[in-house]
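The structure appears below as structure tokens.
Heavy atoms only: backbone and side chains are in, while hydrogens, waters and symmetry mates are out.
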Amino acid sequence: MSGTDEARTSLAAVAALLAPAHEAVAARVLHAHDDPAGYVRDHAAALEDRGIDGPVPDLAWIALADHRLLAELDWKEDSEEIRSQLRGLASRPSVDPWVLVGADDMLLPTHEFLEVCDRRFRDVGAALAVLDIESDCYPVVCLRAARMAELTALAARAGFTAQGFGA
């Protein structure tokens with residue numbers, strides 16, 4: 001299998017892992033991978049809000065954001081906003097981990113707060129991972145904790161980096 005074929009197969013597997021019931025996610029991710037210029041043209045309005053007006057290397061990762069699978073958090077995001085965005089993820093656990101987050105935790109800087117959130121999510125069988133897009137933000141996904149190693153491996157085969165927050 002060529003590197004491009006492996007990357008394509010791995011991207012489709014990441015999309016299926018994060019959104020198993022939504023085939024449109026894989027189609028969109030693969031469109032961004034296979035035809036970056038066409039993807040930018042077809043999704044110009046949404047990408048313009050991100051300052052993207054042409055193909056960029058991490059376009060397939062960005063394509064995940066449009067299905068509530070990704071929370072994009074600024075490196076200095078307020079903990080209430082982080083909490084709100086994580087609650088908005090389609091892949092969040094059905095058991096609410098927020099009852100386990102203490103008031104003192106809410107005062108932590110972004111990365112440390114995300115580490116606390118990840119520990120609380122793991123208490124209910126879920127985990128948080130950041131999809132590195134070489135930016136000053138944290139594109140965060142939620143998935144079953146048991147599948148974290150699979151996400152990390154698939155991302156690497158696709159030429160991207162995904163990592164947990166401290167497990």
Side-chain angles (χ1 to χ4, degrees), residues 2-93 98 106 108-115 117-118 121 126-143 147-148 151-165:
S2 76
T4 301
D5 290 341
E6 183 177 27
R8 188 176 198 286
T9 301
S10 297
L11 283 169
V14 166
L17 173 65
L18 296 176
H22 305 283
E23 292 178 16
V25 174
R28 195 166 185 151
V29 168
L30 292 176
H31 182 205
H33 173 74
D34 295 342
D35 182 12
Y39 184 85
V40 170
R41 185 178 53 254
D42 293 349
H43 302 281
L47 292 171
E48 183 179 346
D49 292 341
R50 299 171 177 280
I52 298 172
D53 60 3
V56 294
D58 50 7
L59 200 54
W61 257 182
I62 292 168
L64 290 170
D66 295 328
H67 294 277
R68 292 186 30 231
L69 298 173
L70 187 71
E72 292 181 89
L73 306 166
D74 188 74
W75 69 275
K76 55 184 179 177
E77 197 75 72
D78 172 80
S79 59
E80 285 295 336
E81 178 61 21
I82 294 170
R83 192 173 180 169
S84 173
Q85 286 200 41
L86 293 179
R87 277 188 164 149
L89 291 174
S91 57
R92 73 189 177 284
W98 296 111
M106 297 296 287
L108 293 170
T110 302
H111 190 19
E112 287 89 356
F113 183 68
L114 285 167
E115 288 173 337
C117 291
D118 180 60
F121 273 59
L128 298 175
V130 65
L131 306 180
D132 188 3
I133 60 169
E134 299 182 21
S135 174
D136 64 352
C137 73
Y138 295 99
V140 176
V141 297
C142 182
L143 68 157
R147 309 239 13 222
M148 180 64 75
L151 173 64
T152 302
L154 288 168
R157 284 198 296 274
F160 293 99
T161 301
Q163 61 189 21
F165 278 95

Begin from the C-alpha positions of L131 and L70 and carry the test side-chain contact (heavy atoms from CB on, under 4.5 Å) through to its verdict. CA-CA 9 Å; L131 306 180; L70 187 71; 3.7 Å; yes

State, to 0.1 Å, how close [X] and [Y] come at their nearest heavy-atom pair, and which atoms those are.
X	Y	result
R28	H43	NH2-ND1, 2.8 Å
P55	V40	N-CG2, 3.8 Å
A63	A32	CB-CB, 4.2 Å
L143	A129	CD2-CB, 4.3 Å
S79	F113	O-CE2, 3.6 Å
L128	C142	CD2-CB, 4.0 Å

How long is the span from the [atom1] atom in [X] to the [atom2] atom in [Y], to the nearest 0.5 Å?
X	Y	atom1	atom2	value
L154	F160	CG	CZ	12.5 Å
L59	H33	CG	NE2	11.0 Å
Y39	L47	OH	CG	5.5 Å
I62	I52	CD1	CD1	3.5 Å
W75	L114	CH2	CG	13.5 Å
I82	E80	CD1	CD	10.0 Å

Can you establish whether the number of heavy atoms outside E112 located under 6.0 Å from its atom CD is more than 12? yes

Within 6.0 Å of CD in E23, more than 12 heavy atoms from elsewhere: no

V25/L69 under side-chain contact (heavy atoms from CB on, under 4.5 Å): CA gap, chis, key distance, verdict: CA-CA 9 Å; V25 174; L69 298 173; 3.7 Å; yes

Tell me, please, which residues at least two apart from D34 pass salt bridge (Lys or Arg N to Asp or Glu O under 4.0 Å). R8

Taken in chain and number order and not counting sequence neighbours, the residues that satisfy salt bridge (Lys or Arg N to Asp or Glu O under 4.0 Å) with R41 are none

Please step through side-chain contact (heavy atoms from CB on, under 4.5 Å) for the pair V141 and L151, ending with a clear verdict. CA-CA 10 Å; V141 297; L151 173 64; 4.1 Å; yes

Taking the six-membered ring for Trp and the single ring otherwise, decide whether the centroids of F165 and H111 are under 6.0 Å apart. yes

Verdict with reasoning, Q163 to V130, per side-chain contact (heavy atoms from CB on, under 4.5 Å): CA-CA 6 Å; Q163 61 189 21; V130 65; 3.7 Å; yes

Look at the side chain of T110 and the backbone N and O of E77, then say whether any donor-acceptor pair between them is shorter than 3.5 Å. yes

Between T152 and M148, is there a donor-acceptor pair closer than 3.5 Å when you use the side chain of the first and the backbone of the second? yes

